[in-house]
K.L.:
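Quick one: structure below, then a few questions.
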Amino acid sequence: MRSLHVVSAALALVLLAPATPAGAGGIRFLPGAPGIGDPQYPADGNGGYDVRHYDLAVRYQPATHHLDGHATVVATATQHLSRFNLDLMDLTVEAVTVNGRPATWSRYADELVVTPSRGLPAGRPFVVDVRYRGVPRTFSVPEIPLESLFMPTGDGAIVAGEPQSGASWYPVNEHPQDKATYTVAVTVPAGLTALSNGVLLGSTTRDAWTTWRWASTSPMASYLSTVAIGRWRIDQHTHDGRQTIIAVDATLPPTLADDAVGRTDEITDFLEAQFGPYPFEANGAIVEQHEPLLFALETQTRPIYPASFFADGPNPFDDNMVAHELAHQWFGDSVSVRYWRDLWLNEGFATYAEWLWSEHDGAMSVREWFNLFYDTPVEDGFWSPPPYDPAAANPFVVSVYQRGAMTLHALRLRIGEAAFWRTMRAWTAVHRHGNASTPDFVALAEHESGQPLGTFFAAWLSGAQKPPNPDPLPPGLRKASLPAACTAVPHLNCRTA
């Protein structure tokens, strides 16, 4: 219901405003940029506008993998726009309107280029309506095998991918800098359940099809949006005033993943005590049995976990994975990167939270985790290449996880407990539902500690050599070996996404 009000109000504003032909009144209308300006991914996102809300209605037939979609995008022009781009992979566009008037469009690679009938003045809201259809794109690496984006499964489909995935199933401004609220209606054959982000509003069945309606009332980066269609074992309850939905693939035995994802509330409560209030309106988990899904992902309010990452029965590494993805709700989802070169702010922070949970739960301590990775050779992937290199072409390296977490532990020892925890909680509060960068975090840590930290961070995040170990284990204190710690869950290099 909320989306209809948002769309109706925005459309009323633009229709009541005076129409402005391109070039009228001395205004010069120009095309929006085809990318948002991310140095690592220059084609991602688009310039010239800011999306406020996506209202998505899709119908998916698993038997044919065919999707019919209708997207209503409510945005505000940030410049005088003559045309603008939306990101959209493969799917066939059937009609586009802007402010209720037919628009012309063209396709270039993964770009949908829209030219409205009239220029869009800066500062004014506008509404884009796109109808489209086709078979969504699945990215695959058969040799591994690995899949991402829109993945057909044995009984439905699931969407997951980073840094992109939204554009595989709807037209979008695909970059974390342009967050928006969402309403999603997914229509599937009766008997299947369609999951998405946020709060479940309800479902209706008609003519052998069921429509499931969801609402995300907090801003969300598009790669964190998902749909998951299939048959699930569902636990729906309220915790701390939030709707919590935990869905496990119905083909899986209850002894595999139910125990770990069943600790979602407990782990969330622990993380709240460390980092401040949980930032969203809902919580939960999705566990999917799809062999080519070889990563977990922090899809907002409803993290996705591959069944293959769980061991049968209670296992601390399973719980650590859940802690990692839940920590991303603060670090990555609420506080998102400004550019992808800042990825360690997501993965290093979530890995450190995983270590904190491990210590709290009576498994390995933070100190043991730190030394486990510190003692690996400097040329190992845990250390090299450095996790923060603005000139690097690819920010998705293993070191953003462990060396990023080691940086936080070294910072904690450098500035002390009080200043460290002030910094962490201020980070989640000041940048809540926004974007931030590595220089922002350095400045905040310096402010909270009263210490100059530029050299410290350069050594830990960018240096080619290991800084001195600030927290070595005493001689004779037994610690886990790296292979034993990593083989319990089949992450590459202990990696969770």
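Numbers for residues simply follow the sequence, beginning at 1. For clarity, every value in this text was computed on a predicted model and none was experimentally measured.
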K.L.:
Counting C-beta onward and ignoring hydrogens, is there a side-chain heavy-atom pair between L326 and N283 closer than 4.5 Å?
P.N.:
yes
K.L.:
Mind listing the closest non-hydrogen atom pair of G166 and V172 along with its distance?
P.N.:
C-CG1, 4.0 Å
K.L.:
Given 3.5 Å as the limit, does a donor-acceptor pair link the side chain of E368 with the main chain of S365, or not?
P.N.:
yes
K.L.:
Any chance the rings of W355 and F370 have centres within less than 6.0 Å?
P.N.:
no
K.L.:
Hey, is D249 close enough to R231 for a salt bridge, meaning N to O under 4.0 Å?
P.N.:
no
K.L.:
Closer than 3.5 angstrom, by distance alone: can the side chain of T301 be matched with the main-chain N or O of G198 as a donor-acceptor pair?
P.N.:
yes
K.L.:
Indicate the atoms forming the closest heavy-atom contact of I234 with T193, along with that distance.
P.N.:
CD1-CG2, 4.1 Å
K.L.:
Sub-3.5 Å donor-acceptor pair from the side chain of R233 to the main-chain atoms of L252, do we have one?
P.N.:
yes
K.L.:
Looking at the rings of Y352 and W357, which for Trp means the six-membered one, are their centres under 6.0 Å apart?
P.N.:
no
K.L.:
Ignoring hydrogens and geometry, is there a side-chain-to-backbone donor-acceptor pair from S216 to Y182 under 3.5 Å?
P.N.:
no
K.L.:
Quick one, V159 with S168, criterion side chain to side chain contact (heavy atoms under 4.5 Å, CB included). Give me CA distance, side-chain angles, the key distance, then yes/no.
P.N.:
CA-CA 8 Å; V159 177; S168 68; 4.2 Å; yes
K.L.:
Judged by atom type as modelled, is there a donor-acceptor pair below 3.5 Å linking the side chain of D87 to the main-chain atoms of A167?
P.N.:
no
K.L.:
Which class fits the ring pair W340 and Y223: parallel under 30°, tilted 30 to 60°, perpendicular over 60°?
P.N.:
perpendicular
K.L.:
Do side-chain atoms of H431 reach the backbone of G434 as a donor and acceptor pair under 3.5 angstrom?
P.N.:
no
K.L.:
So V188 and W212, do their side chains get closer than 4.5 Å, heavy atoms only?
P.N.:
yes
K.L.:
Centroid-to-centroid, Y339 to Y41, below 6.0 Å?
P.N.:
no
K.L.:
Would you say that V322 contacts T264 through its side chain, given a criterion of any heavy-atom pair below 4.5 Å between the two side chains?
P.N.:
yes
K.L.:
Which atom pair, heavy atoms only, marks the closest approach of R425 to G276?
P.N.:
CG-N, 4.4 Å
K.L.:
Do NZ/NE/NH1/NH2 and the carboxylate oxygens of R133 and E94 come within less than 4.0 Å?
P.N.:
yes
K.L.:
Does any N or O in the side chain of E325 come within less than 3.5 Å of the main-chain N or O of E298, such that one atom is a donor and the other an acceptor?
P.N.:
yes
K.L.:
Considering only heavy atoms from C-beta outward, does the side chain of D129 approach that of H70 to under 4.5 Å?
P.N.:
yes
K.L.:
Under the ring-ring contact (aromatic ring centres under 6.0 Å, His included) rule, what do Y305 and F295 come out as? Steps first, then yes or no, please.
P.N.:
CA-CA 7 Å; Y305 306 95; F295 58 92; over 10 Å; no
K.L.:
Contact between F280 and Q329 at the side-chain level, heavy atoms closer than 4.5 Å - yes or no?
P.N.:
yes
K.L.:
Could you check, using the six-membered ring where one of them is a Trp, whether Y60 and F150 have ring centers closer than 6.0 angstrom?
P.N.:
yes
K.L.:
Please find out if less than 6.0 Å separates the ring center of W330 from that of Y278.
P.N.:
yes
K.L.:
Given side chains that start at C-beta, do those of W105 and P171 come closer than 4.5 Å, heavy atoms only?
P.N.:
no
K.L.:
For D38 and Q40, indicate whether the former's side chain and the latter's backbone hold a donor-acceptor pair under 3.5 Å.
P.N.:
yes
K.L.:
Answer with yes or no after comparing the ring centroid distance for W344 and F349 against a 6.0 Å cut-off, counting only values under it.
P.N.:
yes
K.L.:
So do V58 and D68 actually touch side chain to side chain, heavy atoms under 4.5 Å?
P.N.:
no
K.L.:
Please find the pair of heavy atoms, one from M220 and one from S225, that lie closest to each other, and give the distance.
P.N.:
CE-CB, 3.8 Å
K.L.:
For the pair T238 (side chain) and G241 (backbone), establish whether a donor and an acceptor sit closer than 3.5 Å, ignoring hydrogens and angles.
P.N.:
no
K.L.:
Are any of the side-chain nitrogens in R137 or D110 under 4.0 Å away from the carboxylate oxygens of its partner?
P.N.:
yes
K.L.:
So, do E288 and M151 sit near enough that their side-chain heavy atoms are less than 4.5 Å apart?
P.N.:
no
K.L.:
Which heavy atom of A296 sits nearest to which heavy atom of M321, and what is that distance?
P.N.:
CB-SD, 4.4 Å
K.L.:
Can you tell me how the ring of F84 sits relative to the ring of F126, calling it parallel under 30°, perpendicular over 60° and tilted otherwise?
P.N.:
tilted
K.L.:
Please determine which of D361, D235, D318 meets the salt bridge (charged side-chain N to carboxylate O under 4.0 Å, His left out) test together with R263.
P.N.:
D361
K.L.:
Which value, rounded to the nearest 0.5 Å, describes the distance between L91 atom CG and Y170 atom OH?
P.N.:
12.5 Å
K.L.:
Nearest 0.5 angstrom please: E281 CD to N197 CG, how far?
P.N.:
9.0 Å
